[in-house]
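Convention: sequence-line order gives letters A, B, ...; per-chain numbering from 1.
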There are 2 protein chains.
Amino acid sequence: MANLRDVARRAGVDPSTASRVLRGDPTQQVRPETRERILSAARELAYRPNALARGLRTRRTDTIGLIIPSLDNLGFADVTHGIQAEAAAAGRLVMVVDAGAAAAPGGDPEGVAAAAYERLIGDGRLDGLIVAFATLDDRQVARLAAQGVPLVLVNRRTIGVHGSVVVDDARGIGLAVEHLAGLGHRRIGLVGLDADTDTARRRVKGYRTAMAAAGLPVEERWSAADEPTVEGGRRAADRLLAGPRRNRPTGLVVASLMSAVGVLAALRDAGIRVPEQLSVVAFNDHPFADHTAPPLTTVRMPNRRMGEEAVRMLVAALQGAPVGDVVVPEPPELVTRRSTAPPPG
Amino acid sequence: MANLRDVARRAGVDPSTASRVLRGDPTQQVRPETRERILSAARELAYRPNALARGLRTRRTDTIGLIIPSLDNLGFADVTHGIQAEAAAAGRLVMVVDAGAAAAPGGDPEGVAAAAYERLIGDGRLDGLIVAFATLDDRQVARLAAQGVPLVLVNRRTIGVHGSVVVDDARGIGLAVEHLAGLGHRRIGLVGLDADTDTARRRVKGYRTAMAAAGLPVEERWSAADEPTVEGGRRAADRLLAGPRRNRPTGLVVASLMSAVGVLAALRDAGIRVPEQLSVVAFNDHPFADHTAPPLTTVRMPNRRMGEEAVRMLVAALQGAPVGDVVVPEPPELVTRRSTAPPPG
DNA sequence: CTGAAAGCGCTTACAG
DNA sequence: CTGAAAGCGCTTACAG
């Protein structure tokens, strides 16, 4: 593969001149004919600058890292799409670390994420990092940030760490509560997230606020597993069903799409009809919600925007702009499908 | 951030000596006390070798690229898992190019894939490439291979390109046909893949072979869209429903999981009950098949193994081993759920 | 057992 | 307008 010296030789110039032309250096004046010679030499040799050499010299790799607990979380798919698209638009490569997939069977995704960080960041391969790990321990996030690596949090915040993009979780949960209340439900439960993170807390808070605003009593809260998974949702629903039958909620807001699918499955197994006996709304949308049994009513959060915004913020930060803590302004939207109806009786 | 010189200085040795110790160079003898000094200097300084410098020097980056049409194809999720897990186990980073996500809205994923290839490979950031792009044009694949980049194809083959891992597609489709035939179906249709690729062809061939073996007539084949998507499946089913009512198949084998979901949706919209009036089997499995309406009977292909195998082959190739064209030996498995039953009447 | 030198392929002041 | 030099941080023959 041809390198810069080859191009320069063929064009009869010094490598430094070739470099200036090929990089489009705006401060340098180069005679048009020289530039032409260099350009065609490069073309003829199919020259591609070596990213390693360039990165070593410039300390920029035009690559950003994305640390994510699992690519399998459908509620989060749009975030990834937004990140990928915006990165491509900004000419950045993205290196994805799917902690769940990379962890050994039965292994520890957080450990993997941490190790991946160590490797990627310490390595010098990355200009910066997007951390989309809502369940990652705050201290771990703080440690990453402390290393001085440009870092943007997505879908979470941590005290002390600046640079984050979130959606209005409270408003989203609120929409779900309002929807159920509007249908006439009075006993509305929340299947939340166990993790003690800002994101989980904001969803719970949104639930409380909306319930209060609707003049409804805050029902006992059944928490899903630490991870927003189908299994977590299933267990949460099983716990709910094992409880006393009276005063059981007639409507459930589930704080993650994956858990909602598990809730649906548990209810089906228990012979409880949705929505006739119990209504279910999921936080976060995905095309698959059209195809569950029954199709799930969801709150669509502006997740794609969240992903795009995170890339924009990181790229800006790499260029010296101050990072902020933004809430994506695009409002959540209720997507009404078949899993919600007026309460029984 | 500390570099090798810092470590060497602190340990009172030459950088070359520090390098030998830190890399665990087995050919070199180093006095235990020297090695200890170096090791603790590195520890104290939290030294991390710069991957760019090392890669520039050694021409190895321990990173492999993965080009994939879309991370959203649930039928393919296990392939990605296998790749990620095996790469992590082999100490390799993986750079994923999700062509669908990176393409501009309405843009051309194949173009994106090609451009990404150009950039990544020409760049020197990658040691090799896994191409999991069943619909990518054969010529494009051939061109990639011709560049001399170590490359392994996953889930596809191309004449002239050596190094591939596939599953036994024909056997998988055969299992589906046998399942339906065993239930008593005689008119079994195939919703195939449009793409003119080896993979699509092997699935069609599996269908013909299995039908012949069961003594059944080969039904007209309704092709799905080029891409294995929900929409493609929906359109294919609509086309089927628009045809003459008599001789309509009572059982359908759908050559991709995503299309099968679309088929289910179209049938539901048309008021056709599954499985009472029409049975559906999907090629490829995913936990979500438990949650569709109705839950989908599928053929589980050894996709995870396929992904793992691809990484192993690529890593071996990078160490000089010859590449082969392997079919994953693990047999496909029928996962019986609710979308199949004996034919009506 | 360890050091000094060269070089991977770039970019960027510095000259002229 | 263009060239020569230095250096990014490593590794690896080559000496001794």
Side-chain angles (χ1 to χ4, degrees), chain A residues 1-39 41-42 45-63 93 119-127, chain B residues 1-39 41-42 45-63 93 119-127:
Chain A
M1 212 159 260
N3 62 22
L4 189 62
R5 224 182 44 202
D6 299 328
V7 173
R9 188 151 38 201
R10 176 177 260 255
V13 299
D14 186 85
S16 58
T17 304
S19 173
R20 280 178 211 118
V21 168
L22 262 11
R23 296 188 34 256
D25 186 334
T27 72
Q28 296 289 338
Q29 320 273 35
V30 178
R31 223 185 332 158
E33 40 196 287
T34 310
R35 121 178 275 102
E36 251 335 304
R37 280 212 314 282
I38 293 169
L39 257 19
L45 296 172
Y47 170 70
R48 308 241 67 215
N50 181 296
L52 267 32
R54 174 179 283 179
L56 182 58
R57 182 62 231 253
T58 61
R59 325 225 122 247
R60 297 194 49 226
T61 60
D62 288 339
T63 305
L93 259 15
R119 174 148 182 208
L120 287 171
I121 285 300
D123 252 8
R125 296 180 204 250
L126 257 37
D127 292 338
Chain B
M1 213 160 260
N3 63 23
L4 189 61
R5 223 181 45 200
D6 299 328
V7 173
R9 187 151 38 201
R10 176 178 262 257
V13 298
D14 186 87
S16 59
T17 305
S19 173
R20 281 178 211 117
V21 167
L22 262 12
R23 297 190 33 257
D25 187 334
T27 72
Q28 296 288 338
Q29 320 272 37
V30 178
R31 223 179 337 152
E33 40 196 284
T34 311
R35 121 179 276 100
E36 252 335 304
R37 280 212 315 284
I38 293 169
L39 257 19
L45 296 172
Y47 170 69
R48 308 241 69 217
N50 181 296
L52 267 31
R54 174 179 283 179
L56 181 59
R57 181 63 230 251
T58 62
R59 324 226 122 244
R60 296 192 51 225
T61 60
D62 289 339
T63 305
L93 258 17
R119 173 147 183 209
L120 288 171
I121 286 300
D123 252 6
R125 296 182 203 249
L126 257 36
D127 292 336

What is the distance from CZ of B:R5 to P of D:dC8, rounded to the nearest Å? 6 Å
Sequence-distant partners of A:A51, side-chain contact (heavy atoms from CB on, under 4.5 Å), two or more places apart: B:D123, B:R125
Gap separating the CG atom of B:N50 from the CG atom of A:L56, nearest 0.5 angstrom: 6.0 Å
Counting any heavy atom closer than 4.0 Å, what does A:R48 reach on the DNA or RNA strands: base, sugar-phosphate only, or nothing? sugar-phosphate
Taking C-beta and beyond as the side chain, do B:D62 and B:D127 meet within less than 4.5 Å on heavy atoms? yes
Quick one: which of C:dC14, D:dT12, D:dC10 gets closest to the side chain of B:R23? D:dT12
Comparing nearest nucleotides in DNA chain D, the 5'-proximal residue of the pair A:R31, A:L56 is A:R31
Can you check the A:R54 CZ to C:dG9 C1' distance for me, whole Å? 11 Å
Given atom CZ of A:R9 and atom C1' of D:dG3, what is their separation to the nearest angstrom? 16 Å
Rounded interatomic separation in angstrom, taking CG from A:L52 and C1' from D:dC8: 12 Å
Given atom CG of A:D62 and atom P of C:dC10, what is their separation to the nearest angstrom? 15 Å
Among C:dC10, C:dT12, D:dC10, find the nucleotide with the atom closest to the side chain of A:R20. C:dT12
Just the rounded figure in Å: distance from P of C:dG7 to CG of A:L4. 18 Å
Pairing string of DNA chain C (Watson-Crick or G-U wobble, both atom distances under 3.5 Å; | = paired to other strand) is |||.||||||||.|||
For the side chain of A:D14, starting at C-beta, report the closest nucleotide among C:dC1, D:dA4, C:dC10. D:dA4
Side chains of A:T34 and A:V21: closer than 4.5 Å at any heavy-atom pair? no
CZ of B:R37 versus P of C:dT2: gap in Å, rounded? 8 Å
d(CD, A:E33; P, D:dC1) in whole Å: 10 Å
Do A:T61 and A:L52 have side-chain heavy atoms sitting under 4.5 Å apart? no
Any N or O donor-acceptor pair under 3.5 Å from the base of C:dG9 to the side chain of B:R59? no
Which nucleotide in D:dG9, D:dT12, C:dG9 has an atom nearest any side-chain atom of B:N50: D:dG9
Between D:dC14, C:dC10, C:dG9, which nucleotide gets closest to the side-chain atoms of A:P49? C:dC10
Which of B:R31, B:R35, B:R37 passes salt bridge (Lys or Arg N to Asp or Glu O under 4.0 Å) with B:E33? It is B:R31
Output the single nucleotide from D:dC1, C:dC1, C:dC10 whose closest atom is nearest the side chain of B:T34. C:dC1
To the nearest 0.5 Å, atom CZ of B:R20 lies from atom OG1 of B:T17 at 5.0 Å
How would you list, by chain and number, every residue that makes a side-chain hydrogen bond (donor to acceptor under 3.5 Å, both in side chains) with B:R10, sequence neighbours excluded? B:E44
Would you state whether a donor and an acceptor, one from the side chain of A:S16 and one from the base of D:dA4, lie under 3.5 Å apart? yes
Consider the side chain of B:T17, meaning its heavy atoms from C-beta on, and name the nucleotide among C:dG3, C:dT12, D:dC10 that approaches it most closely. C:dG3
Of the candidates C:dC10, C:dC1, D:dG9, the side chain of A:A53 sits closest to C:dC10
